[in-house]
Amino acid sequence: MKSLFLFLFILSIFSAASFTQTKHKNGQNISKKLFGKLNNGKEVYLYSLQNKLGAELKVTNFGATVVSLTMPDKNGNYKDIVLGYDNLKSYENGTSYFGAIVGRYANRISKGKIKINGKLYQLSVNEGENQLHGGKIGFNKMLWTAKTFVSKDGPSIELTLLSPDGDQGYPGKVTLNVTYTLTNNNELKISYEGTTDKTTVLNPSHHSYFNLTGNFSNTILDHQLKINANEFTPIDKEFIPTGKIESIVNTPLDFRKLTAIGAHINDNFEQLKFAHGYDFNWVLNNYNKKVREVADVYEPTTGRYMQVFTDQPGLQFYSGNFLNGTEIGKNGIHYNFRTGFCLEAQHYPDSPNEPQWPSVILKPGQIYRQTTIYKFSTK
Ligand code: GLA
């Protein structure tokens, strides 16, 4: 009898710790395990999605966060290519937005102030006097609900967040659905749909840090980047757009051809000094609300190649300048300066205060939509 109890006890520990398979279809798998409990006792899950080719995406419903993504190199070796943590506590305490959905407003809002229909709203501020990525408790720090399924393109997870009226100072109760699909074509496809019950602003983005070498002790400086943009929105010392749109031609921000990220990162250029590297919004070409290719990245040692497609007007390219070795990631790795880069599809920063830029207003009855795809292959 005693040994039966012992056996059941060990079995229960084992099953709590390992993934339970919930769905399986033509080589596509979806499974789920407990990731941990929040301070308020709520359970958080980690979901694993595998496509027909053998790539794997792990997502937690805390912050709708991508925890890991494996992709093959030119010799077929799969490695995790996104930065992140291996436990929930670190996601609760972390300050780098690894893999998360950021919002309501990705990027910065000057002084955390917006005007809607002539009424001023003071939002929560969390970067000096300004708001970054939605305020003190952004979407990346909230618990989302999750539903998994195998779609026609591959295994999917749909995450839903209810952001109440007044959340971080924003008007309107917002419902946001974000669906990640790991397609059978090795794409990470992200589809967003949002609604509100009062006029508000909505501009979420995805904040994965990539390192296509799959070895996070390497910097990303030898990755080659191309961005389909001729212009950017210059910033002041506090990273707030000046309101101008300027050409990137003959500047270190010219990535119209594949160029190593490190080639000009230390050039004597005021904007690079303000941002300690690259941390700017590029004004993407051909904005007509349709999905088009906007950027690609090639990593020469592994041959990994990533293409970015989006229907958004802007792309924030951030070269991991705030990473300084204090963040301890998966497998105990310290993430050092410039060991990951982000390509965040979004509207231009501070658009609520720059009415000449594409609008970020969402009204009751309208549906906010965004599609962004990161596609992986080798060359
Ligand atoms: C974005 C910002 C950066 C930085 C990171 C998070 O990419 O533009 O300045 O805040 O998020 O550290």
Side-chain angles (χ1 to χ4, degrees), residues 63-66 82-85 90-110 112 123-141 168 190 203-211 216 219-220 223 225 227 229 232-242 253 255 261 265 271-284 294-295 297 308 310 312-329 334-351 360 372 374:
T65 302
V66 167
V82 294
L83 279 59
Y85 310 108
S90 299
Y91 281 103
E92 272 194 279
N93 299 332
T95 54
S96 297
Y97 304 89
F98 290 141
I101 294 296
V102 293
R104 290 188 191 188
Y105 200 92
N107 219 314
R108 292 165 178 90
I109 295 183
S110 176
L123 312 175
S124 100
V125 295
N126 57 333
E127 191 180 58
E129 291 190 309
N130 304 316
Q131 184 184 88
L132 172 65
H133 296 329
K136 291 203 173 84
I137 307 177
F139 288 180
N140 62 307
K141 297 287 181 194
Q168 308 305 305
I190 313 173
N203 174 40
S205 187
H206 178 68
H207 209 291
S208 272
Y209 290 64
F210 299 95
N211 184 323
F216 303 112
T219 74
I220 45 82
H223 287 57
L225 169 67
I227 305 177
F232 79 115
T233 52
I235 54 169
D236 66 16
K237 279 190 184 131
E238 289 185 12
F239 292 74
I240 299 296
T242 61
L253 276 65
F255 284 99
I261 291 174
I265 201 167
Q271 289 285 306
L272 286 174
K273 299 250 158 8
F274 285 171
H276 319 289
Y278 292 105
D279 196 350
F280 308 108
N281 167 62
W282 270 255
V283 172
L284 296 169
V294 298
V297 184
V308 185
T310 189
Q312 294 297 291
L315 187 73
Q316 184 84 6
F317 161 46
Y318 167 57
S319 54
N321 315 306
F322 291 120
L323 298 175
N324 60 9
T326 53
E327 294 267 30
I328 301 174
H334 289 251
Y335 293 129
N336 291 323
F337 192 46
R338 298 180 178 156
T339 52
F341 68 89
C342 304
L343 290 172
E344 307 155 44
Q346 54 189 243
H347 274 256
Y348 311 161
D350 204 27
S351 288
V360 289
T372 295
Y374 301 92

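Indexing begins at 1, ligand by ligand and atom by atom, following the structure's order.
- Distance OG1/Thr219 to CZ/Phe341: 11.5 Å, rounded to 0.5 Å.
- Those atoms of ligand 1 that come under 4.0 Å of a heavy atom in Tyr97, given as number and element, are 6 (C).
- At the top of the distance list for atom 9 (O) of ligand 1, counting protein heavy atoms only, stands Asp279 OD2, 2.3 Å.
- Residue Ser124 comes nearest to Lys136 through the heavy atom pair OG-N, 2.9 Å, listed as atom of the first residue, atom of the second, then distance.
- At a 4.0 Å heavy-atom cut-off, ligand 1 touches Leu132 through the side chain alone.
- Here is the list of ligand 1 atoms found below 4.0 Å of a heavy atom in His207: 1 (C), 5 (C), 6 (C), 7 (O), 11 (O).
- With atom 7 (O) of ligand 1 as the reference point, the heavy atom nearest to it among Glu127, His276, Glu344, His133 is part of Glu344.
- Under the 3.5 Å distance criterion, with hydrogens and angles disregarded, a donor-acceptor pair is assigned to the side chains of Tyr85 and Glu327.
- Arg104 and Asn203 form no side-chain donor-acceptor contact under 3.5 Å, judged by distance and modelled atom types alone.
- In this structure, Asn321 and Phe337 approach most closely via the heavy-atom pair O-CE1, 3.3 Å.
- Ligand 1 has at least one atom lying under 4.0 Å from a heavy atom of Tyr209.
- Judged by distance alone, the side chains of Thr339 and Asn211 never bring a donor and an acceptor atom under 3.5 Å apart.
- Checking only distances, Thr95 never comes within under 3.5 Å of ligand 1, N or O to N or O.
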